[in-house]
Amino acid sequence: MFAVFLSAAVPIQDYCKIGMLQGFTGPTESLVIPIVSGGELAIEEISDSGLFLGGKKILSVRGDTTCIDTAAATATADRLITLEGVAGIIGTTCSGATTAVLNNVVRPHGVVMISPSATSPALSLLEDDGLFFRTAPSDARQGEIIGDILFAKGIKSAALTYTNNDYGKGLAEAIRASFEKNGGKITVVVAHEDGKADYTAEVATMASAGGDILIVVGYLDQGGKRVIQAAMDTGAFEKFMLPDGMVGDSLTNTFGKTMDGSIGIVQGNDSLGSKMLVELAKRKGFNGNDPYFREAYDACAIMLLAMQSAGTTDSNVYKYHINKVANSPGEKIYPGELAKALKILADGAEIDYVGSTAVELIAPGESFGSFSEKIIINGTWNTVSYH
């Protein structure tokens, strides 16, 4: 995995530090691998160009949130800012930790944070002093799309379980509202706590209520996976609807063909920029189709290009340039073209960063977003359409 290392030949003042604040341990650790890879790929591209703010190099400083421990996330974020001196934060992975860091660290210190993966609708309503952005769309939209997919497939009823946190609650409610608006019936809604060894009680409740499919809003490395295991062991459900936090190879590596026919949804599109990033990632040894790889690349690119546009790493200045570089007007910029963008900005002209997600930031500083629908076939994820 790419990382930037300090060089004795480069004075420390000529480095710009970016905090990579992610859930390196905990229920999302397998999701964090592509997030960090995508983000640091953009950092490498800009740092190696020699064109960033007169030749500054960029250092990615990693910090662990555990995803679920808000106290740990807050302490790590504070360390990144006060001790490491980061000029911005990419993160966090999970919505609850994002809320805590935004309220307790980002606003008091006045440092920009861009999350590539925190999706809770509640984040759209928080006071952020113009410092918080996200390249992943809100779960309000994901919930609508899941409801539409289920309706289109003729699924009339579903049981629903969600991880008992901000992410789970927000997405579960969005799915319920969309599915019922389309005429479907949610037979039961059951919260599950991560970290338990056994989920047979929760599965028994859902089996009693019934449903054509089980919707699992959770994490593929934690409770969500164990709920699926319990459902399969008891024969309660055979097919599953899996939102973004449940889509990843660690799930199919565990269950293989037994999950064939299950549906997944994750941020993604088939745009020119997406294809360009996949090719760029392949040359570097990464899988550009992994969940959140694109969003992380775009988050880092936008943050650093905003600094270039502003001519400074001061968050209270470059925060006003985030929307400016991400939206029209200006010359369209795609993955692999970040050096070109730096030069355009240095010359005083404008760019419209399209990136790999066709990003367009809407109020309040978040992406409208596109999603890819996936089906498990022969034990592997296969993209079947885009929304």
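These values consider heavy atoms only, across backbone and side chains, with no hydrogens, waters or symmetry-generated copies.
The closest side-chain heavy-atom distance from S370 to T357 is not below 4.5 Å. Side-chain contact between I155 and M241 is absent, with no heavy-atom pair separated by less than 4.5 Å. The shortest distance between side-chain heavy atoms of Y292 and T93 does not fall below 4.5 Å.
Annotation: side-chain contact (heavy atoms from CB on, under 4.5 Å) contacts of A71 (sequence neighbours excluded): D69. With sequence neighbours excluded, no residue forms a side chain to side chain donor-acceptor pair (under 3.5 Å) with S120. Annotation: side chain to side chain donor-acceptor pair (under 3.5 Å) contacts of D148 (sequence neighbours excluded): N182. Among residues two or more places apart in sequence or in another chain, the salt bridge (Lys or Arg N to Asp or Glu O under 4.0 Å) test is passed with K340 by E331. In this structure, the side chain to side chain donor-acceptor pair (under 3.5 Å) partners of K153, at least two apart in sequence or on a different chain, are E373. Among residues two or more places apart in sequence or in another chain, the side-chain contact (heavy atoms from CB on, under 4.5 Å) test is passed with S250 by S30, L220, D221, K225. Residues passing the salt bridge (Lys or Arg N to Asp or Glu O under 4.0 Å) test with K275, sequence neighbours excluded: none. Applying the side-chain contact (heavy atoms from CB on, under 4.5 Å) test to S274 and every residue at least two apart in sequence or in another chain returns N269, S271, R294. Scanning for disulfide bond (SG atoms under 2.5 Å apart) contacts around C94 gives C67, with sequence neighbours left out. The side chain to side chain donor-acceptor pair (under 3.5 Å) test applied to D78 returns H109, not counting sequence neighbours. Under the ring pair (Phe, Tyr, Trp, His ring centres under 6.0 Å) criterion, Y162 pairs with no residue at all, not counting sequence neighbours.
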| task | Any chance you could lay out the side-chain contact (heavy atoms from CB on, under 4.5 Å) test for F255 and Q229, step after step, and finish with the verdict? | result | CA-CA 8 Å; F255 297 110; Q229 183 70 69; 3.2 Å; yes
| Taking it one step at a time, do M113 and L131 satisfy side-chain contact (heavy atoms from CB on, under 4.5 Å)? | CA-CA 6 Å; M113 178 167 70; L131 293 164; over 6 Å; no
| message | Go through it in stages, so that I can follow the logic: the residues are M303 and I89, the test is side-chain contact (heavy atoms from CB on, under 4.5 Å), and I'd like the CA-CA distance, side-chain angles, deciding distance and then a yes or no. | response | CA-CA 9 Å; M303 176 177 284; I89 289 175; 5.6 Å; no
| How far apart are the C-alpha atoms of E45 and L280, what are their side-chain angles, what is the distance that settles it, and do they pass the side-chain contact (heavy atoms from CB on, under 4.5 Å) test? | CA-CA 11 Å; E45 186 179 338; L280 177 63; 3.8 Å; yes
| request: Could you go through the salt bridge (Lys or Arg N to Asp or Glu O under 4.0 Å) check for E40 and R62 one step at a time? | output: CA-CA 10 Å; E40 292 184 346; R62 298 178 183 180; 2.8 Å; yes
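Note on R107 versus D129: salt bridge recorded, some NZ/NE/NH1/NH2 to OD/OE distance being below 4.0 Å. Look at R176 and E173 and you find a salt bridge, because one of the NZ, NE, NH1 or NH2 atoms lies within 4.0 Å of a carboxylate O, short of that distance.
Under the ring pair (Phe, Tyr, Trp, His ring centres under 6.0 Å) criterion, no residue pair touches residues 320-348, with sequence neighbours excluded.
For the residue pair Y199 and D233, no side-chain donor N or O sits within less than 3.5 Å of a side-chain acceptor on the partner. Judged purely by distance below 3.5 Å, without hydrogens or angles, the side chains of T25 and T66 never pair a donor atom with an acceptor atom. Remark: the K239 side chain and the S262 side chain contain no N/O donor-acceptor pair separated by less than 3.5 Å. Judged by distance alone, the side chains of T119 and D139 do bring a donor and an acceptor atom under 3.5 Å apart. Inspection of the E366 and S124 side chains reveals an N or O donor paired with an N or O acceptor under 3.5 Å.
Annotation: the span from Q267 atom CD to D298 atom CG amounts to 12.0 Å, rounded to 0.5 Å.
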